[in-house]
Amino acid sequence: KRKNHSVDESQNTRKKCRKSNEKSESSSNSKATRSAISENESSLVTQNLNKEQDVSRDVSENESTLGSSMSVVFSESTCSNLFNMTRPRQSIDEFNLRTKFNSKKVRRKKKALSDSAFSSLNTGSDSSSTAEEDKKVRKMKRNPSFTKTSPQRPSLVMTSLHSHEQDVVISVVKKLKGFTITDHVNDSTTHVVCGGPRRTLNILHGITRGCWVLRKEWVMESLEAKKWLPEEGYEVTDWFPSAQETRFSRQTSQENAPQLLFSSMGVFYVTPKAVPPRHHLMELIQRCAGKVTSSSSKADIYVGSDFLPEKTSVNPLWILDCVTQNRVMSMDSYLLGRPKRESSPEY
């Protein structure tokens, strides 16, 4: 037993020694590896720092060399020598002067081209040009906007016609030609076709312009005759006798000359709320040689529905009746008086 116990103790001590030796060896190995790793890391860091310093030195040296070389290569003298470049302008005034000079050049070129075009008209295929052609070319030189355009066709206006009658008139105008149809009377209007004795604005404008104011039968009978018939037998003298008078005066005087109806009546002012609309009344007054102002204080005659005690306030119907009769009517029945006061009630 004692021998076995001693053998076991000796074996246990040997095992403990081996374990302690192994632990010491492992700890020493780990310490060695750790120290080696730390040394490697420190060496790597120092190497990286050295490399970065070297790179920064190289970059700074390169920048300095490049800057000096660029200043030498791309200076104003070398650029001008290499690429034939001029120095940049000092201010915008130089640019403005250049643009003006260029615009003058363009104008001269255009003028030269136009002169060459006009000369080609003279020295072209038609070399034997007459004196009339020379005059035309001279006119074109004086007025470059001169072009050969067809004269504007006269226009025809319909009023007081039903829709089916308007369709008939439009078809006749398309077939016989010679007119254009417009909705309102203008400077090109020569004929006003009406279907009844209603006094419309187109009738009044046609009277002031000296247009032909005709019945609708003129269109129907012209369709049967397949040509436009003379207008004399179809004028509405019984409805609007002044239309013929203004037409005669227009034919004897200059075209589009105003009637001298309101030439001695002073200055008119038309209120914005007048009926018919203000612009129509103003046009009728001006077509009859009347003066119109936009300030009520400068006017002599106040046309509207309001009463002004210091002015001659007249109803707009006075203007319409004067144009219809082609004479200055008396204002007595058209004057606007002070509004009447309601009497107090009696109890």
Side-chain angles (χ1 to χ4, degrees), residues 157-160 183-187 189 192-214 235-254 256-342:
V157 177
M158 299 176 289
T159 182
S160 300
D183 295 330
H184 305 287
V185 175
N186 52 39
D187 292 336
T189 304
V192 179
V193 178
C194 62
R198 291 177 65 247
R199 185 174 66 181
T200 61
L201 288 172
N202 280 327
I203 291 289
L204 294 171
H205 286 300
I207 290 172
T208 57
R209 294 174 186 275
C211 301
W212 289 94
V213 183
L214 307 173
E235 286 186 283
V236 289
T237 54
D238 51 347
W239 297 340
F240 308 106
S242 61
Q244 191 176 32
E245 298 174 5
T246 56
R247 183 179 60 80
F248 284 150
S249 62
R250 182 184 178 183
Q251 288 178 353
T252 55
S253 62
Q254 294 180 358
N256 289 332
Q259 306 294 328
L260 303 177
L261 193 62
F262 301 129
S263 59
S264 61
M265 293 300 296
V267 182
F268 290 84
Y269 173 77
V270 184
T271 60
K273 296 182 180 180
V275 179
R278 182 185 187 187
H279 64 278
H280 285 290
L281 289 171
M282 291 174 67
E283 186 178 354
L284 290 173
I285 294 169
Q286 289 173 347
R287 290 296 306 176
C288 295
K291 298 177 182 179
V292 181
T293 181
S294 58
S295 175
S296 60
S297 61
K298 298 178 182 179
D300 300 320
I301 300 174
Y302 185 86
V303 181
S305 57
D306 301 328
F307 172 74
L308 291 181
E310 66 275 8
K311 302 289 182 184
T312 303
S313 302
V314 68
N315 195 304
L317 289 175
W318 178 73
I319 303 291
L320 305 182
D321 290 344
C322 289
V323 172
T324 305
Q325 299 296 327
N326 196 25
R327 62 187 179 90
V328 179
M329 306 285 291
S330 176
M331 290 186 183
D332 296 337
S333 57
Y334 300 96
L335 290 174
L336 298 175
R338 193 181 298 275
K340 292 182 180 180
R341 215 176 135 192
E342 292 183 2

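Keep in mind it's a predicted model, so treat the numbers as computed, not measured.
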Flag, side chain of Thr312 to backbone of Ile301, donor-acceptor distance under 3.5 Å: no
From CA spacing to verdict: side-chain contact (heavy atoms from CB on, under 4.5 Å), Thr271, Arg278: CA-CA 7 Å; Thr271 60; Arg278 182 185 187 187; over 6 Å; no
Atom of Ala274, atom of Leu281 and distance for their closest heavy-atom approach: CB-CD1, 3.8 Å
Aromatic ring pairing Trp318/Phe268, orientation class (parallel under 30°, perpendicular over 60°, tilted between): parallel
Student check: side-chain heavy atoms of Leu214 and Glu235 closer than 4.5 Å: yes
Worked check of side chain to side chain donor-acceptor pair (under 3.5 Å) between Ser330 and Asp332: CA-CA 6 Å; Ser330 176; Asp332 296 337; 3.3 Å; yes
Nearest heavy-atom neighbours spanning Cys194 and Ile203: CB-CD1, 4.0 Å
Exam field: side chain Trp239 to backbone Gly196, donor-acceptor pair closer than 3.5 Å: no
Side-chain donor-acceptor pair present, Thr189, Asn186, cut-off under 3.5 Å: yes
Short side-chain to backbone donor-acceptor contact, Arg250 and Arg209, under 3.5 Å: yes
Test item: Gln286 and Thr208 side chains (from C-beta on) under 4.5 Å apart, heavy atoms: no
Any donor-acceptor pair under 3.5 Å from Asn202 side chain to His184 backbone: no
Expected output: side-chain Lys291 to main-chain Ile285 donor-acceptor under 3.5 Å: no
Positive for side-chain contact (heavy atoms from CB on, under 4.5 Å) with Thr159, one of Val213, Val192, Val193: Val192
Donor + acceptor pair across side chains of Ser295, Thr293 (<3.5 Å): no
